[in-house]
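First comes the structure, then the notes that go with it.
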Amino acid sequence: MDFKKKISELLKKELKLDLDYESLLEVPPNISLGNYAFPCFKLSKDLKKAPNQIANDLTKIKKPNWIKEIKSNGPYLNFYLNPEHYFKKILKAIEKQKDKFGSSNIGKNKTIVIDYSSPNIAKPFSIAHLRSTAIGNSLYKINSFLGYKVIGINYLGDWGLQFGKLIIAFKKWGDNNKLKENPIKYLYELYVKFHEQESEALENEARAWFCKLENGDKEALDIWKKFSTLSLKEFKKFYTLMDVKFDSFKGEAAYNKDLNKVIRMLKNKGITEMSEGALIVKLENIAPCLLKKKDEASLYATRDIAAAIDRKKQYNFTKALYVVDVRQSLHFQQFFSVLNKAGFEWSKDLEHVPFGLMRFKEGTMSTRKGKIIFLEDVINNAIASVSKIIKQKNPKLKNKEKVAQQVGIGAVFFWDLSHDRVKDLEFDWEKVLDFEGETGPYVQYTFARASSILRKAKKKVASNVDYSLFKQDKEIKLISMLDRFNEVIKDAAVQSKPSVLARFILELAQLFNEFYHICKCLGNDVEKEVSSARLLLVQTTAQVLKNGLNLLGISAPLEM
Ligand code: ARG
């Protein structure tokens with residue numbers, strides 16, 4: 001519950017004037033003037049009464065049980081929250097539900113399919129795929145927390161012309177040992193070399209090899225199998241490192257066998273036509289969807305259509321999300337529209353969750369020009385940098401390596417997730433790793449700090465505290481913020497925006513640090529009851545920070 005909002009609603013109901021009550025509400029400088037104060041000057045004109053009189057009249061508002069008192073003070077109307085009733089309710093709920101606090105069952109009996117990460121085999125795992133991984137992984141956790149059955153699909157790009165290119169490159173310049181050593185980087189080298197040497201003849205050869213592959217040629221298939229197995233093994237190492245999981249790795253290649261059936265079905269519905277030798281579906285307001293090219297090669301869209309039909313059959317989802325870079329928006333519009341045109345009612349439940357580009361200072365990334373930034377390098381660099389910081393800050397820390405991993409990955413994920421996904425994002429190492437900035441390490445550090453306070457407190461935090469002792473503005477704000485957690489998670493889910501949650505826990509961490517700066521929790525000069533109450537607040541805030549981080553796919557180490 002957001003007190004400000006609730007009080008605004010009360011006032012609105014009473015006054016029936018169209019005002020922005022929420023921004024008019026003030027937090028008085030002193031708790032003796034209430035938790036919130038409403039200045040009545042602005043109403044004078046409309047109500048044709050003196051502000052003092054208005055404030056006085058408003059004291060008759062019927063009090064809900066979370067308000068203890070409504071008093072007038074000159075032209076101000078002061079609201080006193082009912083601590084016993086309200087603070088207790090929030091803090092007890094957190095204490096009781098612990099890691100489950102914020103969860104719900106609104107998704108019960110509903111299934112959401114999320115297609116995320118989905119890198120292209122034989123092409124490097126780029127930063128765009130990292131974004132998809134971080135966002136999709138968080139949406140997976142958030143929706144599961146809300147009671148949905150979630151199916152995470154890594155729709156591997158394990159088919160396509162790139163294999164034709166790589167087969168020819170490998171046959172010309174390939175080295176098996178190098179391939180085994182670092183398959184992803186080596187295949188990428190071959191890919192770059194192919195494009196450096198690009199000629200019409202080479203392109204034609206590549207196309208011919210891909211055709212062979214599509215027609216089940218044994219040699220082509222063997223090389224394909226080798227490339228994909230090695231690459232997938234390498235990807236899986238990173239998924240393990242990042243603690244990202246999938247329920248299925250069914251990729252594009254798995255749908256080759258369905259393509260003819262899908263094309264026949266669409267033809268039968270009478271929605272296809274031939275255009276310059278290609279098979280297309282014309283669509284309203286957007287470019288037609290290409291189902292089959294002149295050279296008979298099947299297409300990305302056709303496979304996505306087959307995959308969507310298969311997923312509906314297998315999982316009967318209520319919603320299917322595709323967490324993919326914004327540059328593919330047209331592709332999704334097109335194949336969603338084809339399904340719609342073909343009469344699949346559930347096509348309305350398909351949703352593209354786009355995100356902008358992540359730019360490193362060098363500029364955007366392209367797989368073609370050899371200026372790619374590898375996931376491997378990003379993650380390793382993050383871990384190494386954090387490792388250095390930890391060695392300076394906390395040389396005695398146990399499990400240094402593990403913590404550096406958690407914080408390094410947390411830094412990269414949080415940077416991504418704390419920005420509105422729709423916008424392009426700049427990746428600047430200094431900012432991403434700043435322990436004092438708006439970063440993952442900052443939130444993690446705040447959690448570790450709270451945990452250390454609780455360790456120092458030694459005695460178990462009492463759960464029956466005197467709730468009327470929460471009098472400081474920061475304490476009250478902190479409690480009311482904790483209470484917003486449930487709503488924030490739902491909001492993040494509805495918008496498919498983990499950033500809503502990330503911004504929230506960032507603010508929560510900032511507020512906690514402000515609270516801790518002002519409100520002493522431990523020490524001989526702090527009254528025992530006050531200390532108990534504040535420690536409970538430390539504990540519950542830490543719990544919410546942890547739950548929030550975990551929903552973003554980020555660990556919360558106890559020490560760092
Ligand atoms: N492999 C694709 C790429 O990297 C992304 C796949 C996204 N999912 C989908 N169903 N199309 O561009």
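First listed ligand is number 1; within each ligand, the first listed atom is number 1. Nothing fancy with the numbering, it's 1 onward along the sequence. These numbers come from the heavy atoms of this one structure, side chains and all, not from hydrogens, waters or symmetry mates.
With sequence neighbours excluded, the residues forming a ring-ring contact (aromatic ring centres under 6.0 Å, His included) with F246 are Y116, Y239, F249, listed by chain and number.
Inspection of the E345 and N340 side chains reveals no N or O donor paired with an N or O acceptor under 3.5 Å.
The heavy atom nearest to atom 5 (C) of ligand 1, considering only Y155, Y300, F332, is found in Y300.
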For side chain to side chain donor-acceptor pair (under 3.5 Å), just list the numbers for Q543 and N547, CA-CA rounded to whole Å, side-chain angles, deciding distance to a tenth of an Å, and then say yes or no.
CA-CA 6 Å; Q543 181 71 58; N547 292 8; 2.9 Å; yes

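Residue contact check: H129 has heavy atoms under 4.0 Å from atoms 3 (C), 4 (O) of ligand 1. Short contacts between ligand 1 and D115, defined as distances under 4.0 Å to a heavy atom of the residue, involve ligand atoms 7 (C), 8 (N), 9 (C), 10 (N). Under a 4.0 Å criterion applied to the non-hydrogen atoms of Y322, ligand 1 contributes the atoms 10 (N).
Ion pairing between a basic and an acidic side chain is recognised when a charged N comes within 4.0 Å of a carboxylate O; E438 and R503 show such pairing.
The shortest N or O to N or O distance between N120 and ligand 1 is under 3.5 Å. Where the criterion is an N or O separation shorter than 3.5 Å, residue side chain and backbone included, E252 fails it with respect to ligand 1.
At a 4.0 Å heavy-atom cut-off, ligand 1 does not touch D325 at all.
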Using a 3.5 Å cut-off and no angle test, enumerate the donor-acceptor pairs between side-chain atoms of residues 272-291 and protein atoms at least two apart in sequence or in another chain.
| residue | atom | partner | partner atom | Å |
| --- | --- | --- | --- | --- |
| E273 | OE1 | K282 | NZ | 3.3 |

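Considering only non-hydrogen protein atoms, atom 12 (O) of ligand 1 sits nearest to Q328 NE2, 2.7 Å. Closest to atom 7 (C) of ligand 1 among all protein heavy atoms lies V324 CG2, 3.4 Å.
For the pair S138 (side chain) and A134 (backbone), a donor-acceptor distance under 3.5 Å is absent.
Here the side chains of R311 and I151 are not in contact, with every heavy-atom distance at 4.5 Å or above.
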